[in-house]
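Beneath this line is the structure, given in structure tokens, with notes to follow.
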Amino acid sequence: MSADKVRPTKLKFKGEKTKKKRKRDDDGVSSSKQRRIEEEEAPDTWVMPESPAEIRGPTFIIHPSDPSPISVNFDSTRNKIILHPLDKEGTSESTSLLGREPTEVAQVWVTTRVAGSPTINLRTGTGEGKFLSCDKHGIVSAIREARGPEEEWTPVVLPDGMVAFMNVYENYLSVDEVAGGALQLRGDSEEVGFKERFWIKIQSKYKREVHEEKKKREAGSEMTVIDEGSVNRLHQAWGAGRSVTSKDDKKELKRAQKEGRLAEALLDRRSKLKSDRFC
């Protein structure tokens, strides 16, 4: 057997298309610049979110602990959250913390949210899909398959780009050291400090989706001229917008308006026009 260490490869999800490698152009474009362009175009490139709304889809959570940064993993075999040291993966020393990418499915959480809600749910990417939750005592776990208030987290993007997670009890997720030097997650911190700050990475295609949805909303919110009469005739009249009127109806309504009984006349006319006897 070879004595070389097994290098971790880029994590790929089932169904993803393999990105074709591009050769260097003859016009002298540098390989680093070309690689950067390809990464911007690749939908599965891991990037950092700039706003809470961009946190969706597969999510990689890192904490810059000392001496080794850690990732928040889920062990589906033991049904337990694991804080895994990233230095044990044998990644090149030249790779910066922000350049790290998940190398196994256990490192990936799936972020979902209800449309229009500021809160998110973090579901495990392995096993049966358990949600990250925190009870009133600050105990963090991932054992529930259904989501409730304790499975809701409010992401707060800090000025330096790091993210803090606030639970329903208005406390923050943190990395705590227990007896023996082991690390575990807690959810009872009242303030945001070093232990409560995480680096988050998402896939670029979900970040682009947020910007595209924002553009569609802005385009749809532009003021347009609406013919109120035609809209009411289409959506509020009987017979799919068919107007049932006659000269006698108009005369009767004008007479009722002069006599001050227009509302009563409209109700009488409405009862006569109804074809549904159960209305």
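All values reported here derive from a predicted model rather than from experimental measurement.
The side-chain heavy atoms of Y172 and E191, taken from C-beta on, include no pair separated by under 4.5 Å. At a threshold of 4.5 Å between non-hydrogen side-chain atoms, the residues E54 and H211 count as touching. When side chains are defined from C-beta on, I81 counts as touching V140, because their heavy atoms get closer than 4.5 Å. In this structure the side chain of M48 never reaches within 4.5 angstrom of the side chain of K207, judged on heavy atoms. The side-chain heavy atoms of L98 and W199, taken from C-beta on, include a pair separated by under 4.5 Å. At a threshold of 4.5 Å between non-hydrogen side-chain atoms, the residues V110 and L122 do not count as touching. For the pair F60 and I200, the minimum side-chain heavy-atom distance is 4.5 Å or more.
Side chain of S96 to backbone of G99: a donor-acceptor contact under 3.5 angstrom is found. In this structure, H137 contributes its side chain and G187 its backbone to no donor-acceptor pair below 3.5 Å.
Salt-bridge check for R261 with D268: failed, with every basic side-chain N at 4.0 Å or more from each acidic carboxylate O. Ion pairing between a basic and an acidic side chain is recognised when a charged N comes within 4.0 Å of a carboxylate O; K136 and E170 show no such pairing. Salt bridge present: D160 and R197 bring a charged side-chain N and a carboxylate O closer than 4.0 Å.
For T111 against I55, the heavy-atom pair with the smallest separation is CG2-O, 3.4 Å. Closest heavy-atom contact between R56 and E209: NH1-OE1, 3.7 Å. Nearest heavy atoms, V175 versus I70: CG1-CD1, 4.1 Å. Pairing each heavy atom of S204 with each of V47, the nearest pair is CA-CG2, 3.8 Å.
Cluster annotation: V72 is not connected to V156 through the hydrophobic network of ILVMFWY side chains, with a link wherever side-chain heavy atoms come within less than 4.5 Å. When the side chains of ILVMFWY residues are joined at heavy-atom separations under 4.5 Å, either directly or via intervening members, V163 and Y206 end up in two distinct hydrophobic clusters. Under the 4.5 Å side-chain contact rule for hydrophobic residues, I120 and L185 share a cluster.
For E259, the CD atom counts as densely surrounded, since its 6.0 Å shell holds more than 12 non-hydrogen atoms of other residues, nucleotides or ligands.
Residues T126 and T124 have side chains that never bring a donor and an acceptor to within less than 3.5 angstrom of each other. Of the N and O atoms on the side chains of S71 and N73, at least one donor lies less than 3.5 Å from an acceptor on the other residue.
Annotation: salt bridge (charged side-chain N to carboxylate O under 4.0 Å, His left out) contacts involving residues 64-75, sequence neighbours excluded, comprise D75-R78.
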Please list every donor-acceptor pair under 3.5 Å in which a side-chain atom of residues 143-154 meets a protein atom from a residue at least two apart or in another chain.
{"unit_1": "R144", "atom_1": "NH1", "unit_2": "E150", "atom_2": "OE1", "d": "3.0"}
{"unit_1": "R144", "atom_1": "NH1", "unit_2": "E151", "atom_2": "OE2", "d": "2.9"}
{"unit_1": "R144", "atom_1": "NH2", "unit_2": "E150", "atom_2": "OE1", "d": "3.2"}
{"unit_1": "R147", "atom_1": "NH1", "unit_2": "T112", "atom_2": "OG1", "d": "3.1"}
{"unit_1": "R147", "atom_1": "NH1", "unit_2": "N121", "atom_2": "OD1", "d": "3.3"}
{"unit_1": "E150", "atom_1": "OE2", "unit_2": "Y169", "atom_2": "OH", "d": "2.6"}
{"unit_1": "E151", "atom_1": "OE1", "unit_2": "G148", "atom_2": "N", "d": "2.6"}
{"unit_1": "W153", "atom_1": "NE1", "unit_2": "L132", "atom_2": "O", "d": "2.9"}

